Amino acid sequence: MQRICVSGLTSSYGKKQVLNNISLEASAGTCTAIVGINGCGKSTLLNILAGLKKPDQGRIFFDGHEVNGRKEKELFCSYVGYVPQECNLVMELTVMDNLALWYQHHDELNQSLQEGFLHVLGLEQILSAKVGKLSGGMKKRVSMGCALAGNPPILLLDEPNAALDLPGKSDIRRYLAFYMEKGGTVIMATHDECDLELCNQVYCLSHGECHKIDNSLRGEALLRAIS
């Protein structure tokens, strides 16, 4: 099933066009990587897909439903969870307090902690810890847990492994694999070649344009493809 479809997406900052006629699609239960050099527009694309920025033009469909008009905010909120590169947690609060800010229903939060994705992330073991005292990997787990409030079928991640050690990176990929097994769709912007092992397809953003590349490319071959 085609979970997300993007067609003719264009976005500018002032006179600078960042995205030019971008088109991509992703199916349920798959992982899609967006690669490219710094400043190529990866974060801008994710912000648009998360509903945080309006494109200049273009169309976005979730499960065949176009995101536009009065239902735009509602569709983005129900379909998309977003984990930005920068930590978006409240450092002074505990893990439980941060989760409570995102989960509207206490029963949903408890169920997820007991047997859902929050349990898979291991968050029930650190609920009383202050977020500011957690490691980078643990903060990323909490951010993912917050993003998955309401069980959105699409998860967007901007550099999910930035500044994480090898065990932390391995853990994140394992959690994403579990999410995909449940039918979730992952779209991630990444510089980490190890992330590509999880991906079914890879899109390259270059000079404002987007095209699909061979997802087996690594090393120098990958560098040539994104330059």
Side-chain angles (χ1 to χ4, degrees), residues 2-27 30-88 143 147 152-163 185-193 195-196 198-227:
Q2 190 180 77
R3 176 56 48 74
I4 183 171
C5 179
V6 176
S7 176
L9 210 64
T10 299
S11 180
S12 301
Y13 288 100
K15 296 182 178 180
K16 181 181 180 181
Q17 189 173 62
V18 180
L19 303 177
N20 179 26
N21 197 31
I22 301 295
S23 295
L24 61 84
E25 58 185 42
S27 301
T30 65
C31 181
T32 297
I34 310 294
V35 299
I37 64 174
N38 288 335
C40 70
K42 299 187 299 295
S43 294
T44 298
L45 176 58
L46 291 186
N47 282 332
I48 291 173
L49 297 182
L52 300 177
K53 176 178 172 58
K54 284 184 175 294
D56 298 331
Q57 61 184 28
R59 308 176 74 184
I60 301 174
F61 297 85
F62 296 147
D63 287 341
H65 303 290
E66 186 168 9
V67 184
N68 58 21
R70 292 179 300 174
K71 294 184 178 181
E72 182 171 309
K73 183 176 180 180
E74 178 183 345
L75 275 174
F76 276 119
C77 290
S78 62
Y79 267 90
V80 178
Y82 181 35
V83 182
Q85 183 175 350
E86 302 79 13
C87 184
N88 61 342
S143 292
I154 299 171
L155 182 60
L156 307 177
L157 303 110
D158 194 352
E159 301 293 345
N161 291 317
T185 300
V186 176
I187 299 179
M188 67 166 76
T190 182
H191 288 297
D192 195 328
E193 287 191 12
D195 288 337
L196 304 185
L198 189 67
C199 296
N200 305 90
Q201 58 181 1
V202 179
Y203 283 90
C204 175
L205 264 178
S206 179
H207 304 292
E209 299 182 349
C210 183
H211 60 278
K212 190 181 290 189
I213 62 175
D214 186 344
N215 65 350
S216 67
L217 293 180
R218 300 291 186 273
E220 291 297 326
L222 180 61
L223 289 175
R224 288 193 296 269
I226 68 176
S227 61

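Given the structure is predicted, the values throughout are model-derived calculations rather than measurements.
If you take SG on C5 and CD on E66, they are separated by 10.0 Å, rounding to the nearest 0.5 Å. Interatomic distance, NE2 of H207 versus CD1 of I37, reported as 6.5 Å (0.5 Å rounding). For the atom pair F76 CZ and I60 CD1, the distance stands at 4.5 Å (nearest 0.5 Å). Here the CD1 atom belonging to I4 is positioned 4.5 Å from the CD1 atom belonging to I154, to the nearest 0.5 angstrom. With rounding to the nearest 0.5 angstrom, the CE atom of M188 is 7.0 Å from the CG atom of N161. Atoms NZ and OG, on K54 and S11 in that order, are 12.0 Å from each other to the nearest 0.5 Å.
Applying the side chain to side chain donor-acceptor pair (under 3.5 Å) rule to T190 yields the partners D195; only residues at least two apart in sequence or on another chain are considered. Residues satisfying the ring pair (Phe, Tyr, Trp, His ring centres under 6.0 Å) criterion with F61, sequence neighbours excluded, are absent altogether. For S12, the side chain to side chain donor-acceptor pair (under 3.5 Å) partners at least two apart in sequence or on another chain are D56.
Contact annotation: the side chain of N88 approaches that of S143 to within less than 4.5 Å [non-hydrogen atoms, C-beta and beyond]. With contacts defined as side-chain heavy-atom distances shorter than 4.5 Å, the pair V80/L49 does not qualify. At a threshold of 4.5 Å between non-hydrogen side-chain atoms, the residues D63 and R3 count as touching.
Between A147 and P152, the shortest heavy-atom distance links the atoms O-CG, 3.5 Å.
The side-chain hydrogen bond (donor to acceptor under 3.5 Å, both in side chains) pairs that include a residue from residues 37-53 are Y13-T44, N38-H191, S43-D158, N47-Y82, where partners are two or more places apart or lie in different chains.
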Identify every side-chain donor-acceptor pair in residues 210-224 under 3.5 Å, counting partners at least two apart or on other chains, and give the distances.
unit_1	atom_1	unit_2	atom_2	d
K212	NZ	Q201	OE1	3.0
D214	OD1	S216	N	2.9
D214	OD1	S216	OG	2.8
D214	OD2	S216	OG	3.1
N215	ND2	C199	O	3.4
N215	ND2	N200	O	3.0
R218	NE	E197	OE2	3.2
R218	NH1	N215	O	2.9
R218	NH2	E197	OE2	3.1

Identify each donor-acceptor pair in which a side-chain atom of residues 15-27 lies under 3.5 Å from a protein atom, sequence neighbours left out, and give them as a table.
unit_1	atom_1	unit_2	atom_2	d
S23	OG	G8	N	3.2
E25	OE1	Q2	NE2	2.9

